[in-house]
Amino acid sequence: MHLVTAEEMRRLDRHTIDTIGLPALVLMENAGRAIAEAALALSAQLELRGGPARWLVLAGKGNNGGDGLVAARHLCEAGAETAVVYAEPPERLTGDAAVQRDALARFGIAASVCAPGAIDWRAYDGVIDALLGTGTRGAPREPYASLIREANASGLPIVAADIPSGLDADTGAVHEPCIRADRTVALAFRKRGLALHPGREVAGDVSVAPIGIPAWLAETYGVRAFHLDEAAVRKRLGIDPSLPRRTDTHKGTYGHVLVAAGSLPMAGAGLLCVRAALRAGCGLATWAVPARLAEPLLGRVPEAMLAPLADGGRGDWAAVPAEALAALCTGRSALVLGPGLGRFEGDSAWLRRVWEATAGVVPPVAADAGTAAAQAGDTPGAAAAAHAAAATTTADAACAASVAAQAGDTIGAAAITHAAAATARATTAADAASAASAPARAAANRSPKPLPLVLDADALNMLADADDFAGWVKRPAGAPAVLTPHPGEMARLLRCTVPEVQRDRIGAARSYAEKHGVYVVLKGAGTVIATPAGIAYVNSTGNAGMATGGSGDVLAGIIGSLLAQGWDAEKAAAFGVWWHGRAGDRAAEARMTTASLMAGDIADYL
Ligand SMILES: NC(=O)C1=CN([C@@H]2O[C@H](COP(=O)(O)OP(=O)(O)OC[C@H]3O[C@@H](n4cnc5c(N)ncnc54)[C@H](OP(=O)(O)O)[C@@H]3O)[C@@H](O)[C@H]2O)[C@@H](O)CC1
Ligand SMILES: Nc1ncnc2c1ncn2[C@@H]1O[C@H](COP(=O)(O)OP(=O)(O)O)[C@@H](O)[C@H]1O
Ligand SMILES: [K+]
């Protein structure tokens, strides 16, 4: 479950040897035996020409090579034909690897020293790659490089010891050349590079073999990166993926998500997001859209409520006051903001107002709008009243009234219609506010209840353009922010390049999460989830069919829905990502090819 770096692995090794007192040779023996067992399991699947499987062990001069020599012994004992090729003259082996070299010689196993081009690969059924492990620095040098190229070209199945030789154990970077394994037996712990792309592709099926280093030691040593598979979902996150429900519950039990998404021409982003939110189990979903979109979208997701926000007839968010959206949050349990939002003048400041309102702060501007909002008596109506204040046309004000009416706030609706008339005449908040009643004004100025926030797509671009994000109000407990950038958006947030993000995905996501106190979901193959406390997960589900427009909108809806259901952000983000990928895998299985996957399919397979 843990993902370790080479350095962390070294510390765990040392503790086991020095403090627990297990000799390194014992660990190596266990490692080699596990590798042999994996090879033997693979032998059972090979079409062998009559006799026993013939294995070639490629051994480097470090401890990885030592593991390979132990494996050779166990293969031989199990009846396989086994030969060893040393990458370097065996005299260069030292320490435990040298012990294994001598034992191997006495065992009578054939061994030779590598001479490029001299291996007859047709004489073998499979290869054990024990050339380079966690002690590798940089790209494989000769003769390792030639051996790796030849092994790959042989077409034989390859079992890698610990990591495929040529893989960077920490980052998943694949050097040239690098072994392309069918199986990798990770020793004691899965190295990060086996979970991160492109390393994951060259590792084949990965299993983790216990070799005597206790799993709890990883906690003691503060390893805080995890491989996000079903076992981690169940054991670490404590989630049963079937999401059982108590019988005695109702829609109010499962939260109310507000999705603010979609504009011309990207209304579909909102559609996907809100559908996914409903499929992810929230009790209620409201979809806030620029008013011009409302009519064509009516009935497209019959299960969701539509909240048209006055937009001056433009079909985008530029004319929608942040306060109108913020006030709509009242009574909702999470806000998803961003898919298909578009960009507009002053949008970073607009986002900041939504951020602060959802963090429980009344921005100064809201005081003005709030006076108008007071017309609505109280909250859902306040959204509409804020509109009324900002509305420059009677049509917009009428739209504001409809928001209030939809929220069941008839007094507010009436008040707004009233305000609308004033607004249409005067077009200023002050005029619209002139008839406000004192109790209602007090209600409008009250701090809004904080709520969790998911920021995706253009909301992230708005954030990236805000020079002052570090100074924005910190979010209170219970109202976390989850950011879901793809690598391009992550690069904009970090003000670096996409290759820099991709070179160290865990580092990129973690540094931003820790610095800003937010949860970061860095999307793409092997999505990384990072928490403000520095915990990171690397997702194991999903497929390249999900590289299609709208997949991210579905993810934002899922996470928002889980947050609305009261999940804490770490669980909502991590499980949301795992579930999204799992649904993508199920959807892909149901089709001829992953290529035909569409984002809507992912929502359907949740
Ligand atoms: N107790 C333990 O520690 C346990 C460890 N275990 C196993 O040990 C592995 C780690 O072993 P390790 O640290 O000896 O390093 P390893 O990966 O074998 O390679 C180092 C050698 O390669 C060389 N080399 C480096 N870079 C190179 C390059 N680019 N191209 C070519 N050569 C290069 C380097 O030579 P140098 O450059 O220093 O001259 C050095 O000789 C680990 O993955 C696991 O399998 C398990 O048995 C459990 C117990
Ligand atoms: N090769 C892949 N393997 C696994 N998941 C992928 C792959 N490509 C894309 N995805 C997932 O699909 C989603 C795409 O999101 P995003 O790039 O925001 O798309 P969009 O903006 O079109 O919705 C992310 O959750 C991402 O992790
Ligand atoms: K290896």
Side-chain angles (χ1 to χ4, degrees), residues 6 9-10 12-14 16-17 22-32 35 58-68 70 87-88 92-97 100 128-145 148 158-167 169 175 179 181 184-188 191 197 200 209 211-213 266 269 272-273 338-340 456-458 460 484-489 521-528 539-556 558 576-577 580-581 584-585 594 597 599 602:
M9 193 63 236
R10 263 188 287 281
L12 298 171
D13 276 343
R14 283 266 56 96
T16 308
I17 297 162
L22 276 183
L25 264 178
V26 171
L27 303 181
M28 191 174 271
E29 188 68 22
N30 291 341
I35 295 159
L58 304 175
K61 80 168 158 90
N63 286 331
N64 194 251
D67 294 344
V70 174
E88 301 187 43
R92 293 193 193 160
L93 272 63
T94 55
D96 299 324
Q100 299 302 346
I128 308 279
D129 157 35
L131 289 169
L132 297 166
T134 50
T136 314
R137 282 178 305 275
R141 300 186 299 264
E142 288 300 342
Y144 293 86
I148 291 170
I158 301 177
V159 177
D162 208 17
I163 54 172
S165 300
L167 174 69
H175 292 298
I179 284 287
T184 296
V185 182
L187 302 168
K191 315 302 171 293
H197 287 267
R200 197 163 112 192
I211 62 169
I213 302 173
M266 296 178 292
L272 288 163
C273 185
D456 184 39
D458 276 326
L460 296 170
T484 57
H486 58 53
E489 289 155 350
V521 172
L522 172 54
K523 295 183 291 194
T527 292
V528 174
N539 187 37
S540 65
T541 59
N543 61 80
M546 297 169 74
T548 178
S551 298
D553 309 328
V554 171
L555 178 66
I558 296 171
V577 166
H580 178 250
D585 290 341
T594 51
L597 202 70
I602 304 171

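Heads up: numbering here begins at 1 and tracks the sequence. Both ligands and their constituent atoms are indexed starting at 1 by order of listing. Because the structure is predicted, anything quoted here is derived from the model rather than measured.
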*Polar-atom distance check: Leu555 versus ligand 2, any N or O pair below 3.5 Å?*
no

*asked:* Within ligand 2, which atoms have a heavy atom of Gly550 less than 4.0 Å away?
replied: 20 (P), 22 (O), 23 (O)

*Quick one: look up the protein heavy atom nearest atom 25 (O) of ligand 2 and list residue, atom name and how far away it is.*
His580 CE1, 3.2 Å

*Taking only heavy atoms of Ala544 into account, list the atoms of ligand 2 that are under 4.0 Å away from them.*
1 (N), 2 (C), 3 (N)

*Do any nitrogen or oxygen atoms of Thr527 come within less than 3.5 Å of a nitrogen or oxygen of ligand 2?*
yes

*Any non-hydrogen atom of Gly549 lying under 4.0 Å from ligand 2?*
yes

*asked:* Only heavy atoms of Asn543, strictly under 4.0 Å: list the atoms of ligand 2 that pass.
replied: 1 (N), 2 (C), 3 (N), 4 (C), 5 (N), 6 (C), 7 (C)

*asked:* Tell me whether His486 has any N or O atom under 3.5 angstrom from an N or O of ligand 2.
replied: no

_Test of proximity, Thr541 against ligand 2: N or O pairs below 3.5 Å_ = no

*asked:* Strictly less than 4.0 Å: does any protein heavy-atom distance to atom 21 (O) of ligand 2 fall in that range?
replied: no

*Does Ala161 come within less than 4.0 Å of ligand 1, judged by its heavy atoms?*
no

*Kindly confirm or rule out an N or O of Gly524 lying under 3.5 angstrom from an N or O of ligand 2.*
yes

*Can you find an N or O of Arg10 that's nearer than 3.5 Å to an N or O of ligand 1?*
no

*Between the K ion (ligand 3) and Gly60, is there an N, O or S atom separated by less than 3.4 Å?*
no

*What residue and atom, counting heavy atoms only, is the protein's closest point to atom 12 (P) of ligand 1, and at what distance?*
Asn63 N, 3.8 Å

